[in-house]
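What follows is a single structure, written as structure tokens, with notes after it.
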Amino acid sequence: MGKQEERNQQKIEKKKPRFLCLHGFRTNGQIMKTQIEKWPPSVLEKLDLVFVDAPFPANGKSDVEGIFDPPYYEWFQFNKEFTEYTNFDECLAYIEDYMVEHGPFDGLLGFSQGAILSAALPGLQAEGVTLTKVPKINFLVIIGGAKLKEPSLAEKAYSCPIRCPSLHFLGETDFLKPYGTELLESFVDPVVIHHPKGHTVPRLDDKGLPTMLDFVERIQKAGLYSRTGFRRWCSGSGEVRGMASRPVSSVESLESSDSITYLSQREAAEIDETLMGPLCFSVDQLMELAGLSVATAIAEVYRSSEYNRVLAICGPGNNGGDGLVAARHLYHFGYKPVVCYPKRTPKPLYDGLVIQLESLSVPFLLAEDLPMDISNDFDILVDAMFGFSFHGTPRPPFDDLIQRLVSLQKRDHMRQKPPVVISIDIPSGWHVEEGDINGDGIKPDMLVSLTAPKLCAKRFCGPHHFLGGRFVPPSIVEKFNLKLPPYPSTSMCVRIGKPPQVDISALRENYISPELREDQVEADPLAQFEKWFADAVAACLKEPNAMALSTADKSGKPSSRIVLLKGVDKDGFVWYTNYESQKAREISENPRASLLFYWGGLNRQVRVEGLVEKVSEEESEQYFHSRPRGSQIGAIVSKQSTVIPGRNILHLEYKELEAKFSDRSLIPKPKHWGGYRLKPEHFEFWQGQQSRLHDRIRYSPEVTDGKRVWKIDRLAP
Ligand SMILES: NC(=O)C1=CN([C@@H]2O[C@H](COP(=O)(O)OP(=O)(O)OC[C@H]3O[C@@H](n4cnc5c(N)ncnc54)[C@H](O)[C@@H]3O)[C@@H](O)[C@H]2O)[C@H](O)CC1
Ligand SMILES: [K+]
């Protein structure tokens, strides 16, 4: 073994994996510490243990009263069956904040309720439910644990096998033993220490101690390759680089490395040179597209109605230029940008970008004029300080600006929503290839990689990773052997990370719509419908004529489906279908039906209710022959709503008929195909407004002075 290797080996021997220790229900961190400290020094000296109190004061009697002194705390509350929890989200947020503030941690060590949490957290973290701002949990010690039973949490926590090394204590007389045993099934290769005691933190006996020491040795070795291992157990940039150049597969990324190419700093610069050299792109062009991609990615995730105040912090190079361009587009998208651009580059390109922003009255702030606490003044912070040409450590004033972003994210945000941080191409201050080497850099919520992600993006743990810069021609893809995802439709950006978990109950829109007053709407609901329909067409909404048709059979059993409106006039709303379908059968039994148009892009819906009748055979005939021949054949082939053995049968019949009518002869309309017309009796126009105070305008028929007129009412939302 050479001298250097020997030194490394010594370092390996000295390193201590750092565990966050979560105590049991209605106890506290100090109590757990007292119990764990009964373990022999041969174990304790190899571990760095941090004990934290749970967030909620005990909401009832503690089992350790009279044995250990109060105060007592609990992590969350639960029902008798342990299937419903209170304060669970708050508990997760509390743990995450603690780990951000006091971390990084390599593993979790939990007892009882703390063990239940510890065992669930790796799965919840992998699913993006929590701990998105901290490194991956690498090791677990579970004492008297069990599974969470709340179904949606359990699904996320245990649906994938938990691969991190784990040590489980099972007590012979512990009431939780059957549940702790069941928990083992969720782990790949769990190590188990059986002890004769009950629900307690046991001492380590002759059998348990060697198992424990083996486990500690195993995780010490594994720690050398772990994400936190880079930070805690190595010092000096040379060594860190050495470590990082080990196969990247040892550092797990949230994204699959096979599906996308990550660029080294040199490759990124080479691509840039090829674009601007042989391919004759100007930097202005690329910057405009890059900045536009960033603005569209931001708008896709953070709506201007909720996240309006933007601060773009721009650096001296092209990354800063991307920030200036993004700020301009965000302005046009309805955001209120402010720019901090402390080291201006005296080149016409940058001067122009500044003038364009000034012409929009976008304020420029000096770094020293930024408020000390930027969290109150902004909803979005765009980090456009450094891109792929960054090296070394940030120099003033960027060191301080980066630090502000870091400390902002470390603060206690239990009470106030913090601004989100969006990094362009590289989280500023991160090593372009190795990422956040010391673990104390910024942790953006969103990263917009440009052209292709750089190697450091593998370490990005935030919830939103996008790719922008839709300008890479096939020749560059080929030359650099790039694997890039396709961009959807005409979009300037594409999400590349795992989509974040969505809490359905928290999905809500704060609508902003024009005024809709009962004294201003059309007297005739059909005219009002035509006006709104024209708005939907003008807004380029997809299929504005799509409507949900609800029918009911004679017993009143309802059913709904989307059909396409094919005509509307004073006689009613027309659509075509198969007269042998379920809806046709229901209409024949019960002619009452309801139509619903939903134009989400305009925050509008229209309900139309009335009686349905068939249109004339002649009208159906005429419409049938106006349709593309493929649709005409399709209508013959489909015996709508009947069970068929497979899709293939449709193709076979279609091919047969296509051949039969290949001479362009008239395709006869099948007897069972035709139109329906709904004659409206009631209309309701709905428009979303702020704070759920939506508009609802109803039209119902009434007879006044012997004349049939429409009565207009406003309904409560
Ligand atoms: N092809 C593309 O993908 C495109 C990317 N774009 C963006 O351009 C940047 C790369 O731009 P570049 O000007 O080469 O570099 P930077 O923005 O990273 O800034 C370099 C700048 O910063 C100074 N600097 C370097 N290190 C430090 C330090 N430690 N402290 C202080 N200052 C430092 C250096 O002197 C330069 O002045 C890429 O990431 C994309 O964002 C294009 O806009 C479009 C094409
Ligand atoms: K950046």
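Quick note: residue numbers are just sequence positions, from 1. Read the numbers this way: they start at 1 and go in the same order the structure lists the ligands and their atoms.
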- Among all protein heavy atoms, pick out the one at the shortest distance from atom 6 (N) of ligand 1; state its residue, atom name and that distance to 0.1 Å. Asp322 OD2, 3.6 Å
- Message: When you measure from the heavy atoms of Gly321 to every atom of ligand 1, does any distance fall below 4.0 Å?
- Response: no
- Could you tell me whether atom 34 (C) of ligand 1 has at least one protein heavy atom nearer than 4.0 Å? no
- Message: Contact between ligand 1 and Phe398 is defined here as a heavy atom of the residue under 4.0 Å from a ligand atom; is it met?
- Response: no
- Closest contact, heavy atoms only, Tyr341 versus Cys314: CD1-O, 3.6 Å
- Is the shortest N/O to N/O distance between Leu286 and ligand 1 below 3.5 Å? no
- Task: If you have a sec, work out which protein heavy atom is nearest atom 38 (C) of ligand 1 and how many Å separate them, to one decimal?
- Result: Asp425 OD2, 3.2 Å
- Item | Face-on cation placement of Arg18 at Phe105 ring, 6.0 Å and 45° thresholds | yes
- Under 4.0 Å from one or more heavy atoms of Pro394, ligand 1 contributes atoms 29 (N), 30 (N)
- Message: Rounded to the nearest 10°, what angle sits at the K ion (ligand 2) between O of Ile426 and O of Ile424?
- Response: 70°
- In the protein, which heavy atom is nearest to atom 30 (N) of ligand 1, and how far is it? Arg395 N, 3.1 Å
- Message: Looking only at protein heavy atoms, which one is nearest to atom 19 (O) of ligand 1, and what is the separation?
- Response: Gly317 CA, 3.7 Å
- Message: Using a 3.5 Å distance criterion without hydrogens, assess whether the side chain of Ser166 forms a donor-acceptor pair with backbone atoms of Leu140.
- Response: no
- Item | Contact check, Ile271 vs ligand 1, heavy-atom distance below 4.0 Å | no
- Relative to the heavy atoms of Thr393, which atoms of ligand 1 are at a distance of less than 4.0 Å? 28 (C), 29 (N), 30 (N)
- List the closest protein heavy-atom neighbour of atom 12 (P) of ligand 1: residue, atom name, distance to the nearest 0.1 Å. Ser389 OG, 3.5 Å
- Item | Taking every non-hydrogen atom, the tightest pair across Val494 and Pro488 | CB-CD, 3.9 Å
- Query: Do you know the tightest heavy-atom contact between Ala452 and Thr261?
  - Reply: CB-O, 4.0 Å
- Scanning both residues in full, the closest heavy-atom pair of Asp383 with Ile426 reads OD2-O, 3.7 Å
- Task: Look at the side chain of Trp430 and the backbone N and O of Ile442, then say whether any donor-acceptor pair between them is shorter than 3.5 Å.
- Result: yes
- Contacting atoms of ligand 1, where contact means under 4.0 angstrom from a heavy atom of Leu275: 1 (N)
- Identify, by name, the N, O or S atom of Asp383 lying closest to the K ion (ligand 2). O
- Can you tell me the protein heavy atom closest to atom 37 (O) of ligand 1 and the distance? Pro316 CG, 3.7 Å
- With a cut-off of 3.4 Å, does any N, O or S atom of Ser423 fall short of it relative to the K ion (ligand 2)? no
- List every atom of ligand 1 that sits less than 4.0 Å from any heavy atom of Asp272, numbering the atoms from 1 in the order shown and giving each element. 1 (N), 2 (C), 4 (C), 45 (C)
- Query: Any non-hydrogen atom of Leu450 lying under 4.0 Å from ligand 1?
  - Reply: yes
- Of the backbone and side-chain N, O or S atoms of Phe386, does one lie nearer to the K ion (ligand 2) than 3.4 Å? yes
- Query: Between Gln265 (side chain) and Phe390 (backbone), is there a donor-acceptor pair under 3.5 Å?
  - Reply: yes
- Message: I need the minimum non-hydrogen distance between Pro419 and Asp445, along with the two atoms involved.
- Response: O-OD2, 4.3 Å
- Task: Verify the neighbour count for atom CZ of Arg495: are there more than 12 heavy atoms of other residues, nucleotides or ligands below 6.0 Å?
- Result: yes
- Message: Could you tell me, atom by atom, which parts of ligand 1 come under 4.0 Å of a heavy atom of Thr451?
- Response: 1 (N), 2 (C), 3 (O)
- Do any N or O atoms from the side chain of Asp425 and from the backbone of Leu450 form a donor-acceptor pair under 3.5 angstrom? yes
- So among Val325, Val448, Val382, which one has a side chain to side chain contact (heavy atoms under 4.5 Å, CB included) with Ile424? Val382
- Message: Below the 3.5 angstrom mark, is there an N/O of Gly387, backbone or side chain, next to an N/O of ligand 1?
- Response: yes
- Any idea which atoms of ligand 1 are less than 4.0 Å away from a heavy-atom of Asn319? 8 (O), 9 (C), 11 (O), 17 (O), 39 (O), 41 (O)
- Message: Strictly under 3.4 Å, is the K ion (ligand 2) approached by any N, O or S atom of Gly387?
- Response: no
- Message: Quick one, Leu131 and Leu124 - any side-chain contact, counting heavy atoms below 4.5 Å?
- Response: no
- Taking all heavy atoms of Ile162 and all of Ala119, pick out the closest pair and write down the distance. CD1-O, 3.7 Å
- Is Lys454 positioned over the aromatic face of Phe388, cation under 6.0 angstrom from the ring centre and no more than 45 degrees off axis? no
- Note on the structure: protein heavy-atom neighbour closest to atom 24 (N) of ligand 1 works out as Phe386 CE2, 3.9 Å
- Tell me: protein heavy atom nearest atom 11 (O) of ligand 1, and distance? Asn318 CB, 3.2 Å
